[in-house]
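Source: prediction; values computed, not measured. Numbering of residues begins at 1 and proceeds along the displayed sequence.
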Amino acid sequence: MHILGLANGSIEGNSTILLKAALLAAKEADPGTTTSWLHIPSLSYPPNAGPLSHAQDVSMGANKGNNDHGSSTKGHASETVDDRKTLYESIMDADALLFSTAVYSHQPAGALKAVLDKVLGPYTDPAFASRIVAGQRAGDAKFSAMRVDERILKPRVAGFMAVGGSTTPDQFAMALPTLHLFAYSLHVKVVDQCVVPGCANPGSVISARDGSAMLRAKELGRRVASQMGRAFDDARYLGPEVEGGCPHCHLAKYDFFGGEEMRMGCVVCGNTGRFLVDGGKVKVEWDAESDYCCITWRGKEKHIDDIFKNGSAEWKGLAGSKKELEAWREVDVGRITLPSERQDRM
């Protein structure tokens, strides 16, 4: 079994130290475990990069434009090395993912989302992939030419760590919720998650709180290693539980819908439920079967049906407005030319 670490902070900073501690602990817990790691901010890829050559057709055959796997770098004066394929292959080969990130402005440093938006998301959606594989096995001509990397469907688990200098929880409000974006796009089961506050200077995490921060990272690594190889529904969440937490993402971040039934939803994964007032105390009652949870397979399937139905209708509707579309593309309202786009630069 192999664990891939994704460090998203300074290359020698606290997030990398925590990641190494977790990976070492995982290997010690199971000598058969192998590890590797990538430094996300060091990744290079072209501006406006299109899907990689392996990417599945996210329109399910409805939109030929989604099959264009070239990089849209028109206007830039020089080629940029594209490291995204290495990131993709590393993720596909992994049985577990450990994310360790610095926190800037309440959430993970932006390099992580920027690059994974180009690699994961719909291009590695297992519900899309399973739908295509099923269509090919049934002999449906619509799916015959579509590419699918069946490694997308293999079970994976994950762990999250976020570290920052603040000592107050408000400065980490979106750290763990944002990290969940990278788990549910691959149908990865999150095993453990934690925030490490009060560590601003590189290396401060080593002695923070008498070494308990490093112990927590090691615990997370061992927990993730213990669940590798298990199917999504069989792998166990071993991390902290918060009062009123969602049973799927295990966080308590709410979107209040209102109404007499006091309906609400989980901001992180979309799971639904309602608030109850019992003895003067507010409690949460989560729906047993929610149609709107992007972590569950049921929620993923519903999302595909929604996108496929709406996308097909939308694409057909565009057929009569191609000239108008081209006209809008030519409208010039004063775009600034960036230095990197200048063809005369040396």
Would you say the side-chain atoms of [X] pair up with the backbone N or O of [Y], donor to acceptor, closer than 3.5 Å?
X      : Y      : result
Asn271 : Cys266 : no
Arg223 : Leu238 : yes
Asn8   : Ala102 : no
His106 : Asp170 : yes
Arg156 : Ala94  : yes
Ser10  : Glu12  : no

| Taking all non-hydrogen atoms of both residues, which atom of Ile3 and which atom of Ala26 are closest, and how far apart? | CD1-CB, 3.5 Å

| task | Could you pull out the closest heavy-atom pair between Leu97 and Phe99, with the gap in Å? | result |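 Of all heavy-atom pairs spanning Leu97 and Phe99, the closest is CB-CE1, 3.8 Å.
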
| message | Does Glu326, at its CD atom, have more than 12 non-hydrogen atoms belonging to other residues, nucleotides or ligands within less than 6.0 Å? | response | yes

| said: Looking at Phe275, I want to see if its CZ is surrounded by more than 12 non-hydrogen atoms of other residues, nucleotides or ligands under 6.0 Å. | reply: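 Result for CZ/Phe275: enclosed.
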
Indicate, with yes or no, if [Y] and [X] share a hydrophobic cluster defined by side-chain heavy-atom contacts under 4.5 Å among Ile, Leu, Val, Met, Phe, Trp and Tyr.
X      : Y      : result
Leu176 : Ile40  : yes
Val196 : Leu251 : no
Tyr104 : Val195 : no
Phe172 : Val190 : yes
Ile11  : Met161 : yes

| With Asp192, the salt bridge (charged side-chain N to carboxylate O under 4.0 Å, His left out) member among Arg222, Arg236, Arg216 |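 For Asp192, the salt bridge (charged side-chain N to carboxylate O under 4.0 Å, His left out) check succeeds only for Arg216.
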
| remark: salt bridge (charged side-chain N to carboxylate O under 4.0 Å, His left out) with Arg298: of Asp287, Asp305, Asp291, only one passes, and it is Asp291

Checking side-chain polar atoms at under 3.5 Å, does [X] have a donor or acceptor matched by the opposite partner on [Y]?
X      : Y      : answer
Thr16  : His39  : no
Ser15  : Thr101 : no
Gln227 : Tyr237 : no
Asp210 : Ser212 : no

| Which distance, rounded to the nearest 0.5 Å, do you find between the CD1 of Ile91 and the CG of Leu116? |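 Nearest 0.5 Å value for the CD1-CG distance: 5.5 Å.
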
| task | Could you tell me the separation between the CG atom of Leu87 and the CG atom of Leu38, rounded to the nearest 0.5 Å? | result |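 Going from CG on Leu87 over to CG on Leu38, the span is 6.0 Å.
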
| request: Would you please classify the geometry between the Phe232 ring and the His187 ring as parallel, tilted or perpendicular, with 30° and 60° separating the classes? | output: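 Taking Phe232 first and then His187, their aromatic rings lie parallel (interplane angle under 30°).
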
| query | Would you call the rings of Tyr254 and Trp286 parallel, tilted or perpendicular, where under 30° means parallel and over 60° means perpendicular? | reply | tilted

Result of checking [options] against [X] for side chain to side chain contact (heavy atoms under 4.5 Å, CB included):
X      : options                        : answer
Thr33  : Glu28, His2, Met228            : Met228
Pro126 : Val133, Leu153, Val188         : Leu153
Cys249 : Cys293, Cys269, Cys294, Pro177 : Cys269

| Residue pairs, two or more places apart or on separate chains, that pass salt bridge (charged side-chain N to carboxylate O under 4.0 Å, His left out) and touch residues 94-113 |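 Of all non-adjacent pairs touching residues 94-113, those that pass salt bridge (charged side-chain N to carboxylate O under 4.0 Å, His left out) are Asp95-Lys154, Lys113-Asp117.
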
| field | salt bridge (charged side-chain N to carboxylate O under 4.0 Å, His left out) pairs, two or more places apart, involving residues 241-256 | value | Glu243-Lys281

| request: Verify the ring-centre separation between His180 and Phe160: is it less than 6.0 angstrom? | output: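 Yes, ring centres under 6.0 Å apart.
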
| Presence of salt bridge, Arg274 and Glu285, under 4.0 angstrom | yes

| said: If the threshold is 4.0 Å, N to carboxylate O, is there a salt bridge linking Glu341 and Arg335? | reply: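 Salt bridge present between Glu341 and Arg335.
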
